[in-house]
Amino acid sequence: MHFTLAVLPNTRGFFKTYLENTSLEDLNKIPNGFNNNIVWNIGHIIVTQQLLAYKLSGLPIMLSNTIIDTYKKGSKPERAITQTEVDELKVLLFSTIEKTTEDYNKGLFKNYESYTVSTTGNTLTNIDEAFQFIMFHEGMHLGYVMALLRAIKN
């Protein structure tokens, strides 16, 4: 199994803990000095993984257009997210990685459209590079979530 696909469920466990142990009000709160909230960061990592792995491989994405539009790069929280939507994100945290692992093991990620990521300026040219960036990206957003929670509590 690809190392990243073994690590991501563990990392996503931290995101799930924040969704379960933070009030809906705090998940939606945007503290001073920030332009997004905890729930947006969590939705964003799910959408980004799908776009970088599936869309750029020419494979069908497992998310609705609504979820993609709500959390894609360049978006920002436009409204408070409901508990039902939070519960959907909790499921997607793991179902998307489980399906990605299954599809990777089946050898479905054959083609890849090169993509230069704005965060680091690196160009992804294959699925393995995409997985490496996805892990970095999710770690970065975990840091944002921790900073947001600290700002909310202070």
Side-chain angles (χ1 to χ4, degrees), residues 1-20 22 24 27-28 30 34-148:
M1 176 192 293
H2 195 280
F3 178 76
T4 303
L5 295 175
V7 172
L8 284 175
N10 299 332
T11 307
R12 288 188 173 201
F14 290 110
F15 291 111
K16 181 181 180 217
T17 298
Y18 286 113
L19 289 176
E20 291 177 340
T22 307
L24 185 59
L27 289 173
N28 280 293
I30 302 174
F34 292 86
N35 60 4
N36 56 45
N37 55 33
I38 292 170
V39 75
W40 182 90
N41 278 274
I42 295 171
H44 176 70
I45 60 119
I46 295 167
V47 166
T48 299
Q49 181 270 329
Q50 287 288 290
L51 295 176
L52 292 178
Y54 283 85
K55 182 178 181 188
L56 293 175
S57 294
L59 298 171
I61 295 170
M62 297 180 281
L63 304 174
S64 70
N65 287 334
T66 301
I67 289 176
I68 292 169
D69 289 342
T70 301
Y71 300 109
K72 69 183 178 186
K73 175 181 155 186
S75 68
K76 62 181 182 177
E78 300 290 339
R79 61 176 177 78
I81 302 302
T82 66
Q83 186 60 51
T84 300
E85 291 168 301
V86 169
D87 293 341
E88 181 180 14
L89 291 177
K90 281 195 302 192
V91 170
L92 289 170
L93 277 170
F94 298 99
S95 64
T96 52
I97 294 301
E98 290 165 5
K99 178 79 166 110
T100 302
T101 301
E102 179 183 314
D103 290 347
Y104 183 81
N105 290 336
K106 287 180 181 175
L108 296 184
F109 295 100
K110 293 180 174 140
N111 301 313
Y112 199 83
E113 179 183 331
S114 294
Y115 177 75
T116 301
V117 294
S118 59
T119 313
T120 63
N122 296 92
T123 299
L124 309 177
T125 61
N126 60 57
I127 192 63
D128 292 320
E129 291 172 357
F131 286 151
Q132 290 174 26
F133 180 78
I134 288 165
M135 193 156 59
F136 159 78
H137 182 257
E138 294 199 10
M140 185 176 65
H141 281 278
L142 181 58
Y144 291 156
V145 167
M146 294 166 71
L148 282 159

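Worth saying up front: this structure is predicted, and the values here are computed from it rather than measured.
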Side-chain donor/acceptor of Ser57 to backbone N/O of Leu59, under 3.5 Å = no
request  = With sequence neighbours left out, write down each residue that passes ring-ring contact (aromatic ring centres under 6.0 Å, His included) with Tyr112, or none if nothing qualifies.
outcome  = none
task = Indicate whether the side chain of Thr123 and that of Thr116 have a donor and an acceptor atom separated by less than 3.5 Å.
result = yes
request  = Scan Val117, Leu124, Asn122 and name whichever one has a side-chain contact (heavy atoms from CB on, under 4.5 Å) with Glu129.
outcome  = Leu124
task = Hey, can you tell me if His44 and Trp40 have their rings parallel, tilted or perpendicular (30° and 60° cut-offs)?
result = parallel
key: Euclidean distance, Ser75 OG relative to Asn36 CG, rounded to 0.5 Å   = 8.5 Å
message = Among residues at least two apart in sequence or on other chains, which ones pass side chain to side chain donor-acceptor pair (under 3.5 Å) with Thr22?
response = none
key: Met146 versus Tyr18, closest heavy-atom pair with distance   = CG-OH, 3.2 Å
request  = Please name the pair of heavy atoms, one in Leu52 and one in Ala130, separated by the smallest distance, quoted to 0.1 Å.
outcome  = O-CB, 4.0 Å
message = Assess, by modelled atom type and distance only, whether the side chains of Glu98 and Thr101 contain a donor and an acceptor separated by less than 3.5 Å.
response = no
inquiry  = I'd like to check Thr84 versus Glu88 (side-chain heavy atoms, cut-off strictly below 4.5 Å). Are they in contact?
reply    = no
key: Other residues, nucleotides, ligands: >12 heavy atoms within 6.0 Å of Asn10 CG   = yes
query = Taking everything shown except Lys90 itself, do over 12 heavy atoms lie less than 6.0 Å from its NZ?
reply = yes
query = Roughly how far, to the nearest 0.5 Å, is CD1 of Ile61 from CD1 of Ile67?
reply = 11.5 Å
ask   = Rounded to the nearest 0.5 Å, how far does CZ of Phe15 lie from CD of Glu20?
value = 14.0 Å
request  = Answer yes or no: does atom NZ of Lys99 have more than 12 heavy-atom neighbours from other residues, nucleotides or ligands under 6.0 Å?
outcome  = yes
request  = Can you measure from CD1 (Ile97) to CG (Leu8) and round to the nearest 0.5 angstrom?
outcome  = 4.5 Å
ask   = Which heavy atom of Leu19 sits nearest a heavy atom of Leu27, and at what distance?
value = O-CD1, 4.0 Å
query = Does any non-hydrogen side-chain atom of Thr48 lie less than 4.5 Å from one of Ile134?
reply = no
message = Let me confirm one number: the CD-CD1 distance from Glu138 to Ile42, rounded to the nearest 0.5 Å.
response = 10.5 Å
Close side-chain approach of Thr119 to Phe136, heavy-atom, < 4.5 Å = yes
message = Ile81 vs Tyr71, test: side-chain contact (heavy atoms from CB on, under 4.5 Å). Steps then yes/no.
response = CA-CA 11 Å; Ile81 302 302; Tyr71 300 109; 3.6 Å; yes
Over 12 foreign heavy atoms within 6.0 Å of CZ, Phe34 = yes
request  = Measure across Tyr115 and Lys73 and return the closest heavy-atom pair with its distance rounded to 0.1 Å.
outcome  = OH-NZ, 3.6 Å
ask   = Once the angle between the rings of Tyr54 and Phe109 is folded into 0 to 90°, is it parallel (under 30°), tilted (30 to 60°) or perpendicular (over 60°)?
value = perpendicular
note = Of all heavy-atom pairs linking Glu85 and Ala80, the shortest is OE1-O, 4.4 Å
task = Supply the atom-to-atom distance Asn126 CG to Leu56 CG, rounded to the nearest 0.5 angstrom.
result = 11.5 Å
task = Could you check Ile45 against His137 for side-chain contact (heavy atoms from CB on, under 4.5 Å), going step by step and ending with a plain yes or no?
result = CA-CA 7 Å; Ile45 60 119; His137 182 257; 4.2 Å; yes
key: Tyr144 OH: over 12 foreign heavy atoms closer than 6.0 Å   = no
query = Passes side-chain contact (heavy atoms from CB on, under 4.5 Å), Thr100 versus Met62? Steps please.
reply = CA-CA 10 Å; Thr100 302; Met62 297 180 281; 4.1 Å; yes
task = Look only at the side chain of Gln50 and the backbone of Val47, and say whether a donor-acceptor pair between them is shorter than 3.5 Å.
result = no
ask   = Going by atom types only, do Asp128 and Gln132 share a side-chain donor-acceptor pair under 3.5 Å?
value = no
request  = Carefully, step by step, assess Ile46 and Leu93 under the rule side-chain contact (heavy atoms from CB on, under 4.5 Å).
outcome  = CA-CA 6 Å; Ile46 295 167; Leu93 277 170; 3.9 Å; yes
